[in-house]
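Written below as structure tokens is the structure these notes are about.
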Amino acid sequence: MIQVIENLTDFVHATVPEGGLVKCRVSRNRKGVDKGLFPTYFLHLERENGRPIFLLAARKRRKLGSSNYIISTDPTDLSREGESLVGKLQANLLGAKFTLMGGTVKSRTRSQSSDRSSSDCSSSELCCCGHMTTLAEIQYEIDILGVKGPRRIKVLLPGPPQGIHKTQIILKSKKAPWDHQLNSYVLNFYGRANQASVKNFQLIHESQPESVLLQFGKLTDDTFILDVRYPLNPVQAFGIALSSFDCKIACE
């Protein structure tokens, strides 16, 4: 059980240890003049005894075209230039494909930033030069007629390098069986989620189809559970969850 987080930025970028489980809650704030269209989202780490620990916040940006989210470790600073910025989630026009870019901002003065060339930037940081790494790609299967049942999701994660070659880890949504008594598709969340929703999903790897690596499920209109296992980290999990909130014209 996690008691203390010494460095929040390091924690949200750290992969969940093998065999470990990080239980979180996602809350959506739609109060205010414009938050019905541009909500704020918060990720908190659950604790068995004690108050939840804040991890991340995100805001849908006010812009035309495709959906775009800013993810930060500071709930009071959700700007594109914020020093606590850890990720950006960008959708295509159909809302069927999302790219999660991220890293950590290095704090420095304007003169330091202007003197530093792009070649000096590490590929693992989100820096003044605009260099970001791809943390995940989320793909929703196109279903214009709505005949394929629940959303089908594929997530591509960067895998461990093999020599000079890059690798990928592919996760897919677990197929929900049809329940004839309930007359609906059903996933077993083992008591963690209690409301049906098109947003609910579980991700698995084909090598271990019975092991759920991420699950996202509805508790109330604006509260959801988010449980995360290896090989994901909290930033990746939160970004994947945010993609589920978006309207998907061609996927349902």
Side-chain angles (χ1 to χ4, degrees), residues 5-15 24-45 52-93 95 97-138 155-158 226 228 232-247:
I5 297 176
E6 295 182 356
N7 186 302
L8 182 55
T9 301
D10 289 345
F11 179 83
V12 298
H13 280 104
T15 302
C24 300
R25 293 281 178 102
V26 175
S27 56
R28 174 174 55 182
N29 180 6
R30 294 187 286 183
K31 297 178 181 179
V33 176
D34 66 344
K35 287 188 177 179
L37 294 175
F38 304 99
T40 304
Y41 301 88
F42 302 95
L43 180 69
H44 285 83
L45 177 69
I53 301 173
F54 168 79
L55 297 181
L56 293 165
R59 181 75 186 270
K60 189 173 183 179
R61 290 184 56 203
R62 299 176 180 86
K63 62 177 294 185
L64 298 175
S66 61
S67 295
N68 189 301
Y69 295 82
I70 296 294
I71 304 174
S72 173
T73 54
D74 183 353
T76 67
D77 184 4
L78 291 170
S79 64
R80 287 180 294 170
E81 296 79 19
E83 291 188 357
S84 299
L85 177 68
V86 293
K88 296 181 180 181
L89 181 70
Q90 175 74 50
N92 66 0
L93 291 176
K97 180 179 177 181
F98 294 77
T99 302
L100 177 64
M101 306 293 292
T104 56
V105 173
K106 300 300 183 182
S107 178
R108 51 185 171 269
T109 65
R110 183 179 298 272
S111 61
Q112 287 175 318
S113 298
S114 61
D115 290 340
R116 187 178 180 187
S117 68
S118 60
S119 62
D120 295 328
C121 297
S122 166
S123 61
S124 64
E125 68 181 28
L126 176 58
C127 72
C128 62
C129 307
H131 285 203
M132 295 180 288
T133 59
T134 300
L135 301 182
E137 184 177 296
I138 306 110
V155 176
L156 308 179
L157 303 174
L226 180 62
V228 191
L232 293 149
N233 64 40
V235 174
Q236 291 171 319
F238 193 36
I240 295 168
L242 288 172
S243 75
S244 184
F245 285 103
D246 242 44
C247 177

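Throughout, residue positions are numbered sequentially from 1 according to the sequence presented. From a predicted model like this one, the values you see are computed outputs, not experimental measurements.
Heavy-atom minimum distance, Ala14 versus Pro234: O-CD, 3.6 Å. Among all heavy-atom pairs drawn from Gln236 and Leu232, the shortest one is OE1-CA, 3.5 Å. Nearest heavy-atom pair across Leu78 and Ser72 is CD2-CB, 3.6 Å. Summarising the geometry of Leu43 relative to Cys24, their closest heavy-atom pair is CD1-CB, 3.5 Å, with the distance given to 0.1 Å. Taking all atoms of both residues into account, the shortest heavy-atom contact from Leu157 to Ala136 is CD2-CB, 3.8 Å. Nearest approach of Ala58 to Phe238, heavy atoms of both residues: CB-CE2, 3.7 Å.
The side-chain heavy atoms of Ile71 and Val12, taken from C-beta on, include no pair separated by under 4.5 Å. Counting heavy atoms from C-beta outward, Leu100 and Leu242 have side chains that stay 4.5 Å or more apart. Side-chain contact between Pro39 and Asn29: absent, with no pair of heavy atoms (C-beta onward) separated by less than 4.5 Å. Two residues are said to be in side-chain contact when any heavy atoms from C-beta on lie closer than 4.5 Å; Arg80 and Ile70 meet this criterion. Looking at heavy atoms from C-beta onward, Phe98 lies in side-chain contact with Asp246 at the 4.5 angstrom threshold.
Atom NZ in Lys31 sits 12.5 Å away from atom OG1 in Thr40 (nearest 0.5 Å). With values rounded to the nearest 0.5 angstrom, His44 atom NE2 is found 11.5 Å from Arg25 atom CZ. The line from NZ of Lys88 to CZ of Arg61 is 7.0 Å long, rounded to the nearest 0.5 Å. In this structure, CG on Asn233 lies 10.0 Å from CZ on Phe11, to the nearest 0.5 angstrom.
Residue Leu8 is tested with Leu55, Leu56, Ile53 for a side chain to side chain contact (heavy atoms under 4.5 Å, CB included); the sole match is Leu55.
With hydrogens and angles ignored, the 3.5 Å screen pairs a side-chain donor or acceptor of Asp77 with a backbone N or O of Ser79. Distance alone, capped at 3.5 Å, places no donor-acceptor pair between the Ser244 side chain and the Ala241 backbone. With Asn92 contributing its side chain and Lys97 its backbone, the two residues share a donor-acceptor pair below 3.5 Å.
Take Tyr41 and apply the ring-ring contact (aromatic ring centres under 6.0 Å, His included) test, not counting sequence neighbours, and it matches Phe245.
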